[in-house]
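Just so it is clear, the structure is predicted and the values come from calculations on it, not from any experiment.
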Amino acid sequence: MSEKTRLVIVEDHKILRQGLCSLLSASADLEVVGQAGDGMNAIRTIKDTEPDLVLLDINMPKMDGISVIREIKQYCPNTRILALTMHRSEQYILQVFKSGGDGYCLKSSGHEELITAIEAVLSGKHYVSPEISGIVLEGYLENRKTVKEKSSFESLTQREKEVLKLVAEAHQNTEIADYLCISPKTVEKHRANIMRKLDLHSAAALTAYAIENGLVIKE
């Protein structure tokens with residue numbers, strides 16, 4: 001009898017996370033060994049369980065999915081990561097794969113497509129939902145990737161994006177320092193660099209910018 005694929009599900013909406021757990025646990029080949037509702041807990045859970053596969057939302061509290069992918073690929077390089085998201089833009093698709101992700105599946109997909117995506121990434125292939133595969137191809141053909149990397153948003157470092165997300169979620173500098181394991185003074189430097197690069201000079205402006213660029217979803 002073959003071993004089951006060990007799976008961690010990372011999704012901040014509890015009802016959706018529980019639904020995915022129930023759906024995938026019904027498969028004879030899959031075993032859900034952990035769940036997480038934010039990026040910080042995701043990293044701890046994945047490091048503790050070292051699963052074969054992570055099903056990962058991109059937009060989450062405390063730490064976004066892109067940052068989680070980067071972190072996990074350092075500690076668990078053999079763990080496959082399938083992004084499950086509502087975002088269809090080229091910006092997100094490219095960021096997932098540039099960060100080490102193995103697949104990109106839309107939340108609007110059906111059960112059969114999700115299983116197909118899981119099987120593809122577990123077999124060592126990359127997967128993109130058919131609905132958005134044209135967006136990826138078009139982006140490369142028109143060489144828009146280079147243009148996007150020069151945008152003000154892409155001028156931010158990954159750490160600055162993490163700080164920006166937490167600022168937009170109304171966390172204080174001391175909280176941000178605790179979350180990211182850095183000093184409050186370093187947080188202040190990151191905030192100053194973010195404001196300089198984006199030419200934004202208030203927390204409200206930073207929050208609006210973070211929402212506009214998908215770091216934070218406005219409920």
Side-chain angles (χ1 to χ4, degrees), residues 7-21 24 32-109 114 117-118 120-122 126-129 132 135-136 148-149 153-154 156-169 171 176 179-180 209-219:
L7 170 68
V8 167
I9 297 175
V10 183
E11 165 62 54
D12 64 318
H13 290 93
K14 186 175 182 180
I15 192 168
L16 178 55
R17 186 171 71 248
Q18 291 176 335
L20 286 168
C21 286
L24 296 176
V32 178
V33 297
Q35 305 177 40
D38 64 65
M40 296 291 185
N41 282 325
I43 290 173
R44 285 192 288 269
T45 301
I46 295 166
K47 286 181 180 178
D48 288 344
T49 58
E50 297 187 6
D52 302 302
L53 174 69
V54 176
L55 200 60
L56 177 72
D57 191 9
I58 292 178
N59 285 102
M60 292 181 295
K62 298 182 181 178
M63 180 180 283
D64 64 273
I66 302 299
S67 300
V68 172
I69 293 172
R70 292 177 186 271
E71 185 85 6
I72 291 308
K73 283 298 183 176
Q74 289 184 27
Y75 291 93
C76 306
N78 295 324
T79 294
R80 307 293 287 177
I81 300 178
L82 174 62
L84 183 62
T85 175
M86 65 180 184
H87 293 292
R88 298 167 176 263
S89 73
E90 178 191 349
Q91 174 186 332
Y92 284 102
I93 301 167
L94 293 177
Q95 282 188 358
V96 164
F97 287 110
K98 282 171 60 180
S99 300
D102 303 291
Y104 198 100
C105 188
L106 294 176
K107 287 184 176 179
S108 58
S109 303
L114 178 57
I118 288 173
V121 299
L122 286 174
H126 287 92
Y127 182 88
V128 178
S129 285
I132 53 175
I135 296 174
V136 179
K148 285 183 179 292
E149 289 178 344
F153 181 72
E154 290 301 327
L156 300 178
T157 66
Q158 189 61 34
R159 178 63 86 191
E160 287 167 352
K161 290 176 183 176
E162 292 168 3
V163 171
L164 174 58
K165 176 178 175 61
L166 291 167
V167 168
E169 290 176 349
H171 294 289
I176 297 173
Y179 285 140
L180 300 180
Y209 186 89
I211 292 171
E212 181 181 347
N213 284 274
L215 285 178
V216 176
I217 296 179
K218 186 176 181 180
E219 298 294 345

Run the side chain to side chain contact (heavy atoms under 4.5 Å, CB included) test on Leu24 and Leu114 for me, step by step, so that the C-alpha distance in whole Å, both residues' side-chain angles and the decisive distance to 0.1 Å come before the verdict.
CA-CA 10 Å; Leu24 296 176; Leu114 178 57; 4.3 Å; yes

Evaluate the side-chain proximity of Leu84 to Leu56: yes if any heavy-atom separation is below 4.5 Å, no if none is.
no

Is the shortest side-chain heavy-atom distance between Val54 and Leu7 below 4.5 Å?
no

So do Glu160 and Lys165 actually touch side chain to side chain, heavy atoms under 4.5 Å?
no

Could you tell me if the side chain of Ile9 sits less than 4.5 Å from the side chain of Gln18, heavy atoms only?
no

Taking the side chain as every heavy atom from C-beta outward, state whether Ile43 and Val68 have any pair of such atoms under 4.5 Å apart.
yes

Check: Asp38 side chain, Lys62 main-chain N or O, donor-acceptor pair, under 3.5 Å
no

Using the ring of each side chain (for Trp, its six-membered ring), is His87 parallel, tilted or perpendicular to Tyr92, with breaks at 30° and 60°?
parallel

Show, in sequence, the C-alpha distance, side-chain angles and deciding distance for Lys73 and Asp102, and conclude whether the salt bridge (charged side-chain N to carboxylate O under 4.0 Å, His left out) test is met.
CA-CA 11 Å; Lys73 283 298 183 176; Asp102 303 291; 3.1 Å; yes

Does some side-chain heavy atom of Asp64 sit less than 4.5 Å from a side-chain heavy atom of Gln158?
yes

If you measure from CG on Leu20 to NE2 on His13, what distance do you get to the nearest 0.5 Å?
12.5 Å

Taking Leu106's backbone N and O only, do any of them form a donor-acceptor pair with Ser129's side chain (distance below 3.5 Å, no angle check)?
yes

Minimum heavy-atom distance between Val10 and Ala42, given as atom pair plus value
CG1-CB, 3.6 Å

Under 3.5 Å donor-acceptor, Thr79 side chain and Asp52 backbone
no

Taking the side chain as every heavy atom from C-beta outward, state whether Val8 and Gln35 have any atom pair closer than 4.5 Å.
no

Could you tell me which non-hydrogen atom of Tyr209 sits nearest to which non-hydrogen atom of Leu164, and how far apart they are?
CD2-CD2, 4.1 Å

Exercise: identify the closest heavy-atom pair between Ala36 and Arg17:
O-CD, 3.5 Å

Using every non-hydrogen atom in the two residues, find where Leu82 and Ala117 come nearest and quote the distance to one decimal.
CD2-CB, 3.8 Å

Asn78 side, atom CG; Leu53 side, atom CG - distance, nearest 0.5 Å:
13.0 Å

Does Ser109 reach the main-chain N or O of Cys105 with its side chain, forming a donor-acceptor pair under 3.5 Å?
no

For Tyr104 and Ile58: C-alpha separation, side-chain torsions, deciding distance, then whether side chain to side chain contact (heavy atoms under 4.5 Å, CB included) applies.
CA-CA 10 Å; Tyr104 198 100; Ile58 292 178; 3.8 Å; yes

For Val121, does its backbone N or O pair with a side-chain atom of Arg80 as donor and acceptor, under 3.5 Å?
yes

Given salt bridge (charged side-chain N to carboxylate O under 4.0 Å, His left out), test Lys107 with Glu11 step by step and report yes or no.
CA-CA 11 Å; Lys107 287 184 176 179; Glu11 165 62 54; 2.9 Å; yes

Which heavy-atom pair separates Val32 from Cys21 by the least distance, and what is that distance?
CG1-SG, 4.0 Å

Rounded to the nearest 0.5 Å, how far does OG1 of Thr85 lie from CE of Met60?
10.0 Å

Going by heavy atoms in the side chains, are Val128 and Phe97 under 4.5 Å from each other?
yes

Which pair of heavy atoms, one from Ile69 and one from Gly100, lies closest together, and at what distance?
CG2-C, 3.8 Å

Where the side chain of Ser67 meets the backbone of Met63, is there a donor-acceptor pair that is under 3.5 Å apart?
no

